[in-house]
Structures are given as C-alpha cells and as structure tokens.
Amino acid sequence: MLAPVLAPYDPSEQFFDGLTLEGSPLPPNERFWFGTDTNGRDQLSRLLYGARTSLMIGIVANGIAVAIGTLLGVIAGYARGFLGAAIMRFTDLMMAFPPLLFAIALAAILKPGLAIIIVVIALVNWVQIARVIYTETTSLSEREYIEAARALGASTTRILFRHLIPHLIPTIIVYATLGVATTVLLEAMLSFLGRGVQPPTPAWGMMIFESQSYFLNAPWLVFIPGAAILIVALAFNLAGDGLRDALDPTQRGRR
Amino acid sequence: MRFGISSYLATAPAVLAQSHKQGGAAVVTFNNDLTTLDPQVGYDWQNWSVIKSIFDGLMDYKPGTTQLEPDLAESYTISDDGLTYTFKLRDGVKFHNGRAMTPADVKYSLERAVNPATQSPGGGYFSAIEGYDALAGGKATELSGIRIIDNKTISFTLTRPDATFLHLMAINFGYIVPKEEVEKAGSDWGKKPVGTGAFKFVEWVPGQHIVLERNKDYHRQGVPYLDKLTFEFGQDPTVAVLRLKNGEVDIVGDGIPPAQFTEIMADPANKDLIAEGDQLHTGYVTMNVTQPPFDNLKVRQAVNMAINKDRIVRLINNRAVPANQALPPAMPGYNKDNKGYAFDPDGAKKLLAEAGKPQGFTTELYAMNVDPNPRIAQAIQQDLAAVGIKAEIRSLAQAEVIAAGGSGKAPMIWSGGMAWIADFPDPANFYYGILGCAGAVEGGWNWSKYCNKELDGRAENADAMVKADETDKRISEWKNLFDDVLKDAPWAPVFNEKRFTYHSARLGGDPALFTDPIHIPVNYDYIFAKDSQ
Amino acid sequence: MVFYLAKRLSASALILVGVTLVTFCLTFIIPADPVAMIAGRNSTPETREQIREQLGLNQPLPEQYANYVKRLARGDFGISYARKSAVGDLIASRLPATLLLMLGAIIAELLIGLPAGLYAAARRGETGDKVAMTLSFLTVSTPQFVLGLSLLYLFAYRLGWFPLSGYGTLRHLILPAVTLGLAGGGWYSRMMRSSMIEILRQDYIRTARAKGMSEKRVMFVHALRNAILPVIAMIGLDIGIFMSGVVVVENVFGWPGIGQLMWQAIQSLDIPIIMGVTTVAALFIVAGNFLADLTAPLIDPRIRLR
C-alpha cells in the first residue's frame, strides 16, 4: 500500500543499464539495493509493488479456500449420510484433476485478471482442506461431548459452531498460514501458463518463477522475493498462533 | 548464391578434407522427447537433425554450409524448360537392413510424402511434381510425374518450373525409405527407422534415450567418425550443463540456458568448447493486417520504429544481431543495403498521429511462455508503451500461440520459440508459408494474414527461373520482393539469432559443424571423438 | 463393511466417469485446433481433411464422447497427436517410474515430517520447536524447481554423492524423492505438531499423566496413536498433490515418468496425452482417497464406517 511512496523506481521500467553488457542482471548495489531482474528492472521496487498483488491473492484466495473447505468438510463430516457422501465424492472428483489443466481450461473461458486468479486458486485449494477437515470432523463428532451436546438438544448450528469448529481451529490455522505461501507459488504457476498476473505487473510468485533457473547464477533474484514470502508467512503463523490461543476452547474454560 | 556465405562457411570444406580416426561415442541431451523418426512425418527441430543422420536424400548440403551437392544421386541433369529433373543414383548404397537402394525406393518415398494417408506435414512441398493433385486428392496411388528409367536412373516431371526443386530433394520429407521396412513396422515405423544414412538405429527407450551406431556400409568413405551416438531425453538444460561440466554428456542439444550463458562464456576453459555460428532464423513481431488498427500501414510502420532492438539483443546476452528485414543475413536474397526501419520513437508517435491514433491504442501481444520469450515480450511491451500503444501480453504454451496465430485471433505475436527456421536455405522458404497468400488461411502460419497477390505472382515468376545462369537474377528478384514486403510492414523484424553450441572437450570438429545451418543443433556425421585419435 | 466397500467402490467408479466427462469437456474448451497441430506448415488440405476424419472430429460431440468412453473401456487411450503412438503405451512405459518416485516421496515425507512434528510438539515453545517449524515453513514455501536444483547442485554436482540425472538405481531415486517429499514433510510436521498439541490437552492424557504415567509413554502410546490420524489420512491425498509435483521434479531430475509426459503434452497441447494422463492420475487419486477413508477407522476405532 505504501509501495508508491517507498519504491525508488517505477517497477516496470526496464533500465538499459539495468543489465550488464552481456545481458546479465545486476547484483545488489548502491543504485539498485536489491539488484535488478532479468529485464533490467529494479528488484526492490518490484518487490514493494508486488506485495500488493501477492498479499491480496494470498489472503483473499486462500481465505476463500479455507472457508469453503472448512464449511464443506465440517458439514460432510458431521451430517454424513447422503449429503456427506455427495460432498465428499464431489471433493474426490475435484481432486482428481491436475490443477494445471483446471487452470488452463478455466482461463480459456475467462479473461485473465486478478479476480480470475483468486477464483482459480480458491477452487484448487479448498479441496484438500475439505478432505482433511472432513476426516477430523468424523473423529470429533464421535466424541462424548458432542454426543452429550446432541443429547441435550443443542441445535446443529450450535454444535457446529460452538463445539466442532473451535476444535478444528489448529488445523485450520495450519492451512490458513501455510496456504499463504503455497498460494503465492500457485499464482506463479498460473502466470507461467499465461493465466496469472499479467506482466509487467509484479507479483512475488511470478518474480521467483521467472528467474528460478537463474538462482545458481543470480541468487538474489530468487532469494529476495523468497525471503519476503517467508517473512509474511511467518507473520501470519504468529498471528495464527495468537488467534488459536485466544479461541482455544480448552483454554477459554479456564480463564 | 551471391550473398549469405559467412566467413566460416568458406573455410569449412578445407577443414573437412582432413580425415579423422573412427571410434568413440557422444551423448546429446534434449529436454523434450523426440516425437518420431519417420522422415516423411518428423517436423520439429529436434527430430529434424536426428533423422538427417539416419536417412539420406538425393541431394544434401556440404557439411557446415548451405551449398547443395548430390548425395544419394551421383549426378543430375535439368531439361532446358526446367520441367524435367533426371537423377543418376549412386552405386553401392545400401539400407541398414543390407538391401541395395533402387529407383523404386525413391519413387515410393516421394509418393509416401504426398499420400494423404501418411499425414505428412510437408507433402505440400512437392506440389510441382506432375500427378501431385491426383495423389494428394486421393484419386491416384502414384505420382505420374516420377518415371523409373533404368535401375540407376529416375526422372521427375514438373507441372511448373520450380527453382527450389533440388532443395526439396534435400529436405527430410524427400528422404529415401525402404518400403518393406515401412510396411513391416506399420504404425511403429517412426519408432524403428531403417535408412541409408551415416548412423544406424539401435534402440529407443521412450522418455529416456535413443541409441544410434555407426553405419559401417555408409556410402561416404571414412565417415561418420563416431561409433555410437546417444540422445538422452527429459534433460533440463540447466542440469545438462552441469552434467557436461562433469563429463557425463557431450552436447547440450537445447543450447546454453540464458541463466548460465554469461558464466560459461566468461570461463576461459570453455574457449574451445563453444562454437558460434549464424542460423537461418529471424525473430519477428507479426501484426494482423486484416484488422484495425494494424490494417493501417502507418500503424505497422510505427511499431517497427518503436522497438528498441539493441536492448532486446542485450537482453538475450547478445546472442543475436538486430534484424532490419525478414530474411536473415546468411540467406541468399538478404539485402545488406536495406537498413529497414530505424529505432525512432518520436517518428513512431508522429506516424500514429497521422494514422488518427495520436493517443495510441490497446492491443494484445502473444508470446510463447518459455524463457527468454516472455522477457522479450515485456521489452517490446515497454517500447510500445513509450509511443502510446498499450499491449497486454498473452504468454501461453506454444501450441496455444500457434492456434491463436493460425485463426487470426492474435493482433500481434512475438515469434520467438516458434519462429521460422528455414527448412532449406532459399528465400522462397521464407515467403510462401509465412508471408504469402498460401499461409494466410485459417490454420496457416502467416500470422499477419498478409496476402499480396502481386507479390505472390512475382514470387512464382522468380521460382520459374531455373536455369543455372538465371540464379543471380532470381535471387535479385527475391531481394526486391522482400524489400517490397518490408515497405508494407506486416512484420516488425527484431533480431537474427546466432547459435552457440557448448560441447565437451572430448569432441572435435570444425566449429561450423557444431553450428551447422542445416543440421540443428549439430552435424553428427562429421564430428569426431578426440580420445579415439 | 462389505456393504460399505461396495458403496464406496461404486461411488469411485462414478467419479471416474465424471472425470472422463469433465476431461473431455475441458479439452474441447482449450483453444487449439488438433488438425493444424498434427498437419504442420506445409500440409495439403486433403491431408488435413484426412486427419479430421480419422480423429472423428466431424462427428457431433456426444457421439465423440461415447466413442471416447468406449475406447477407454477397452484400454485404448487414443493416439498422441505429436508422437503418433498409442497413449496407453506411452503412459504404461512411464507409470512405473512415477509410482516409484511417489513411493520414495511418501517414505521421505513420513521420515521427515512425523519425527519433526513429534519433536516440535514435545518441545512446544522452546527453541527446538521454533527451529523445526521455521524449517517446515521453508520447505513448504520453496518452489520445487529451486529446491531440486539446490539439492542437485550441492549433493550431486559439488559433492558427487548422487548422480546428476537419470533413473534406475536407489541412488538415482533419493534426491528426486526427497525433493518431492520435503514439502509434504513440512506439512506433516505441522499437522503432526498441532494434532499432538491438541491431543495432549485432552482429559484422558491429563488423567494418564495424573496417574503418574511416564511422559514417554504418554507421548508414544496414547497421544501418538490419536495424533497420527489426520496425518495418515493425508497420505492417500498426497497422490493428488504429487501429481502436480512430479511434473516439476521429473523435469529437473530427468526422471522418465508421466509428469514429464504431461508437461510436454501441455506445452504442445497434445490432447490425447493430457486426457490419458488425467484419467490415469484420477484413477490413482480416487484410489488414494478411498484408502484414506478406509484406513482412518483402522487407526481410530471411534470412526465407524457408514
């Protein structure tokens, strides 16, 4: 958000002297603090501007995926029966497709754009979450306290939101935080297939992906955006841990 | 051929005159699998050169050069009207199965290329042979224009003079195959080829490797030098370079990856291991002339002037020279006096204003998604933005770009990764399919959809000049024709690629062999193993 | 149990039919003309028509789908556009390599993930925990291409412990299997850790501790058995995730599996191969999910099959 203020250069300006005479990117130096990329653009500026896109994708797309996955997983695991089976078989069907193929096909119908990227990533990512949540829910819903709640006549909604989901929070947080990082990589894959963030708009995943074959010769191209992703993911993880402690049902009782 | 003999080409024959001891082996890596070794079907740059080592045609090129010479033919004569070519076949040519090659094999092979049942991508090249329409249309089983005169002689009658005919006898589609082996193998023929060439097919493990061994009965004495040739597939070029440094492989077939190029070139140890040569290649941006805004000549000229080719050349590690016209410098017909459109953003803006687009416009630029093409597309995007043209990049898989180009859906395409590398070294090969009306059809490769009937007529007239003393005149006709194409600016030529082949210290041979303009990446038949000398 | 199996199996069959239908539709959405792809630049109109005829592209779509399924039922996956050979053979020749790689990766991720997760849970909040979890972050968020190339550069090129590329021996398998499994190992360690922490808070664990049971016994006997469930449930699902991963890993290590085949097919839009690999992959994914559902109650008896 602060990128325009902080960035030293236009992120898409390809400097003629941003490459060596042999056409190699420049390592970090006084003028370009984080070096230049393979097009001779300032890596620092791209990193700052890319944060907007990548965080947007990481948070929104992954958030949607976690929400869909949790909801469907819990419903399928708790309701079981026909509804549960139907949801899980649909999940299996979705899972059976390589995300790559899915992305190509979806984007063939839809024009590439940020919204599409978010939709595609959410559609690819929710499946696995649903599967894991489903398995945990089936285990949880057999436990005594759920039985007890049911026997006491608690409504389904109440059981779901008061008794089940809080116990799933640790798993959800794992996915929500780690997902931010993997989502950024998926975004890169989509860019490669021409269905991701459109150049010259920078995005972290794309920055890594474009230059990953350079990492032996120009490591800063991969490590700097890689570190950025890592820092963000770690920050999310810390926040997630805090959140878990705040929401933890066993802790809450004792406060 | 007045033009296009680069300095290295002239030296090549002298070097080849030396002979080397036979023996040794070489390993070549490729990233993608080979698709087929059927000479009438194979049509990508990887199988193209492997097929050339297993099969032969009536004609060939002097190693490392673009000069035609007879190969399976010993000699040939052309009738005065240019309509009949008579080839006398060489003695003692045997297929790898031991049977002697006959004129009937030549007839069979050419008919096989044209027969629609073969599904040859190059059948159309032989359209000048009499009886072509009947065979291609499924109304005949033979080419009536091919006559076997005696057991050593065969003649071709053409319906129109075709100055490129001898080249056509040297391209893979015209290579000679033994009927009995083709029929025995059936649909597996492309996987177990039998030819007359320098190397004999041994085995193919799909996805892993192909092994060839020296053909001891090869009709050219003393060659090939290598006893064994192995092609390994599924090898990432970055890793292949490491393997080459480790001494595990000898040639990185896909070329040096951009990421490692500077480092490899800077290492003095590699000085003798890198061969540098021209190739018959032009990288260009097509503009669809049938749709606004590129139906306006001034807009197309503006694009030509907006692109900073020097910066793009630097972007690809100077592995190219800026292009000013459609033909590459090594191609006959290249006009060295034509400087093309100079880089002039202000001039481009002026032209856009004259075309009624002073504010520029928004369009799409398609490009293949393999490095360095997306980078080049972004460089072009920036240059166009500087004159007001906002180009959105569509960076897609190769097949998708080709489909978008063929259907005319793509306003602009950067040709890199799919660009025209000539099938044979003649300007005609740079015209019909990619700039002529014949290619400007649905699914065709003329992505500009540029169709100029007047130029098509001139092209046909030029190709009707078949007499030896008309060669110069024909080439200058082509030169003028390409000058006129440039005036219409259906393309913005960007650069002509140079080839850099990185090979192990084990291998020797003239650098021209490692950057052979016909055998890409390497002419395997004439390189030798130093440890066997 | 038998009834459950039958029900799940028939559901799986239904999913596979769904997969063929969706695959079929997807490939028609993808914008490329197969005839132009096969025919090339100098083909004749007659050749193009011949190809169109042979591919059955002149028939109405439902008929094409029916023919496709009929052929599929006979094990006929069609002929590759680019390679002109039977897709079934291409896949069959490459499938063992991919399965071997996946097996290696599963072993690698379990060997990495479970001990790491257990360790982190036991040391919760301590430095060891933080280090383990940071490392797991690193493995999950590193692109596999970069990871693979790093391992290859260090262990194969610099140190020479492993071959740079190829297939055939155990030494060839280790680096690609670790590359493919490391991300999963990271996931597992996190899952294992959070699962363990959750379990260790349960009443029965507290009871066990209160009764004076040794911490080791608490961890390994009571907690581990329950904590491992969500982790084991994921193994079956890994096959689906690996199907994307093998594309990259097989390319880096020159591993002749179906991932390479798929990648090349996507580049050239060789639709019969894309359809074939997707269908075969779906078969394995569905089987994996089936196994995941099946193993859960064996480990956790509280889950009843329904």
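Each chain gets a letter, A, B and so on, in the order its sequence line appears, and its residues count up from 1. Computation of the quantities below employed the complete heavy-atom set of this structure, encompassing side-chain atoms and omitting hydrogens, waters and symmetry-equivalent molecules.
Your options are B:D310, B:N369, B:N318, and the one with the most heavy-atom pairs under 4.5 Å with chain A is B:N369. Chosen from B:N308, B:I316, B:V370, B:T262, the residue pairing most often with chain A at heavy-atom distances under 4.5 Å is B:T262. Note on B:A367, B:P372, B:A379, B:A385: by heavy-atom pairs under 4.5 Å with chain A, the leading option is B:A379. Contacts with chain B were tallied for A:T38, A:D37, A:L19, A:L216; A:T38 has the most, counting heavy-atom pairs under 4.5 Å.
Heavy-atom contacts from other residues, nucleotides or ligands closer than 6.0 Å to OH of A:Y9 number more than 12. Other residues, nucleotides and ligands contribute at most 12 non-hydrogen atoms within 6.0 Å of the CH2 atom of A:W33.
Residue contact with chain A, scored on non-hydrogen atoms closer than 4.5 Å, involves the backbone and the side chain of B:P258 alike. With a 4.5 Å cut-off on non-hydrogen atoms, B:Q381 touches chain A through its side chain but not through its backbone. Within the 4.5 angstrom heavy-atom criterion, atoms from both the backbone and the side chain of A:L21 approach chain B. Interface remark: A:T20 contributes backbone atoms only to the contact with chain B (heavy atom separation under 4.5 Å).
With sequence neighbours excluded, the residues that form a side chain to side chain donor-acceptor pair (under 3.5 Å) with A:Q14 are A:N39, B:R311.
Of the inter-residue distances, the one linking B:R375 atom CZ with A:R41 atom CZ reads 9.5 Å to the nearest 0.5 angstrom.
Two residues are said to be in side-chain contact when any heavy atoms from C-beta on lie closer than 4.5 Å; A:S24 and B:F261 fail this criterion.
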Less than 3.5 Å apart, which donor and acceptor atoms pair up between the side chains of residues 57-75 of chain A and the rest of the protein, not counting sequence neighbours?
residue, atom, partner, partner atom, Å
A:N62, ND2, A:A176, O, 2.9
A:T70, OG1, A:V66, O, 2.6

